[in-house]
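For reference, the structure discussed in these notes is given below.
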Amino acid sequence: MLKYLSYSIITIFFISAITRCANVTAPTGGPKDTIPPSMVNSIPLNKSINFKDNTIYLEFDERIKEDKLKDQLIITPVITGKYENTIKKNLFKMTFDEPFADSTTYTLNFREGIQDISESNPSLTNKFTFSTGSFIDSLTVYGLTTNLLNSDTIENAIVGLFRVEDTVNIFNGSPYYFSQTDEKGYYSIENIKNGKYIAAAFTDTNKNLKLDFKSESYAFKKDTLVLDSIPIELNFKLYKLDITPFRQTTALPTGIYYEINFNKYVIDFIQNPIDTTTQKLYANLSKQNKSIRFYNAI
């Protein structure tokens, strides 16, 4: 009896071992894909001249996808119209609803907006340039952005060039040429046309390509920038400064005192009674120095 029982236990153990060996596991697969997609062809060709169409095609060496392309893509000079883009396997297509300006060099910087399907590696061939004229504009402005108060570098700041002949400037519109600083605060604007410009930089926290001087730090060069031949280095020290004119907002009695409120901080003030026979006025700053509070001296 013990003999048969031993055989049974051995048989059960053997079957159990076979069952465990036959468990299905996920295949380990090959090595991780670390090679980013590369552009192999385009219409027009990169750095083409006399381009008059409104659609471009970019072909990559593997299947691609987009990732936050609206935020990643920088088109310079800035365009006023809209565009649509589609991806079919390894082919990227962009169609613009308005024609490009004549005799102008355009650069499309996709940054990390185009990636491969497998591992989301961003394409390293992420800049595409063409001209609607007979040559490629080649002037460059580059430099560093820092905080004026502590010298920290500023990431994702907008550095822009405004054409002197335009009515648009840093306080009322978007730059004609622009770039965004990297994680170390550096920027480069390429393929700029000869001309005169006003250079400025701002943090653009609301991502609308316009300065909000009430909430964003900024800096600009007071002298006109003349671009004609060599690359120019321009560094910016940004500072938050509200340039809204200083004004009174309200003036009203409140309990035992009278308050005059302002839209900006008051550094110091002097009170002079109209009636010199009146007792001395007592007042102080309040509400984070945006209000002067006068007390009843009677």
Task: Main-chain N/O of N194 paired to D228 side chain as donor or acceptor, under 3.5 Å - done: no
Open item on the list: If I take atom OG1 from residue T181 and atom OH from residue Y186, how far apart are they, to the nearest 0.5 angstrom?
Closed with: 11.5 Å
Open item on the list: Could you check, using the six-membered ring where one of them is a Trp, whether Y257 and F294 have ring centers closer than 6.0 angstrom?
Closed with: no
Task: R111 side chain to D71 backbone, donor-acceptor under 3.5 Å - done: yes
Open item on the list: Is any side-chain heavy atom of P77 closer than 4.5 Å to one of Y176?
Closed with: yes
Task: Closest contact, heavy atoms only, I49 versus G133 - done: CB-O, 3.4 Å
Open item on the list: Is there a side-chain hydrogen bond (donor to acceptor under 3.5 Å, both in side chains) between N284 and Y295? Walk through the geometry before answering.
Closed with: CA-CA 9 Å; N284 65 274; Y295 295 90; 2.9 Å; yes
Open item on the list: Aromatic contact between Y218 and F171, with the criterion being ring centroids under 6.0 Å apart: yes or no?
Closed with: yes
Task: Residues F262, F246; criterion ring-ring contact (aromatic ring centres under 6.0 Å, His included); working and verdict - done: CA-CA 7 Å; F262 303 91; F246 180 77; 5.1 Å; yes
Open item on the list: When you compare the side chains of E66 and N85, does any donor N or O come within less than 3.5 Å of an acceptor on the partner?
Closed with: yes
Task: Any Y83 side-chain heavy atom under 4.5 Å of L73 side chain - done: yes
Task: Side chains of Y187 and F178 in contact at under 4.5 Å (non-hydrogen atoms) - done: no
- [ ] Can you see which heavy atom on I87 is nearest to which on I64, and at what distance?
- [x] CG2-O, 3.5 Å
Open item on the list: Check the orientation of Y106 and F130. Use parallel for under 30°, tilted for 30 to 60°, and perpendicular for over 60°.
Closed with: parallel
Open item on the list: For P122 versus P36, what's the shortest heavy-atom pair and its separation?
Closed with: O-CB, 3.1 Å
Task: Whether D116 side chain and S120 backbone form a donor-acceptor pair below 3.5 Å - done: yes
Task: Salt bridge present between E165 and K196 (N-O < 4.0 angstrom) - done: no
Task: Within 45° cone of F236 ring axis and under 6.0 Å: K221 NZ or CZ - done: yes
Open item on the list: Under a plain distance cut-off of 3.5 Å, with no hydrogens placed, do T203 and T205 share a side-chain donor-acceptor pair?
Closed with: no
Open item on the list: Are the side chains of T140 and N191 in contact, using a 4.5 Å heavy-atom criterion?
Closed with: no
Open item on the list: So which atom in I192 and which in L161 form the shortest heavy-atom distance, rounded to 0.1 Å?
Closed with: CD1-CD1, 3.6 Å
Task: Ion pair check, E259 and K287, cut-off under 4.0 Å - done: yes
Open item on the list: Taking the ring of F110 and the ring of F92, is the distance between their centroids below 6.0 Å?
Closed with: yes
TODO: Using the side-chain contact (heavy atoms from CB on, under 4.5 Å) rule, take K127 and E190 through it: C-alpha gap first, then chi angles, then the decisive distance, then the call.
DONE: CA-CA 11 Å; K127 286 187 179 181; E190 302 171 344; 3.3 Å; yes
Open item on the list: Set out, in order, the CA-CA distance, both residues' side-chain angles and the distance that settles side-chain contact (heavy atoms from CB on, under 4.5 Å) for K237 and N147, then state yes or no.
Closed with: CA-CA 5 Å; K237 296 181 181 296; N147 185 300; over 6 Å; no
Open item on the list: Before you tell me yes or no, could you show the steps for T132 and D102 under side-chain hydrogen bond (donor to acceptor under 3.5 Å, both in side chains), namely the whole-Å CA-CA distance, both residues' side-chain angles and the distance that decides it to 0.1 Å?
Closed with: CA-CA 6 Å; T132 57; D102 292 333; 5.3 Å; no
Open item on the list: Please find the pair of heavy atoms, one from I117 and one from K65, that lie closest to each other, and give the distance.
Closed with: CD1-CB, 3.7 Å
Task: Closest contact, heavy atoms only, A199 versus L234 - done: CB-CD1, 3.7 Å
Task: Beyond-backbone contact of D152 with T146, side-chain heavy atoms, under 4.5 angstrom - done: no
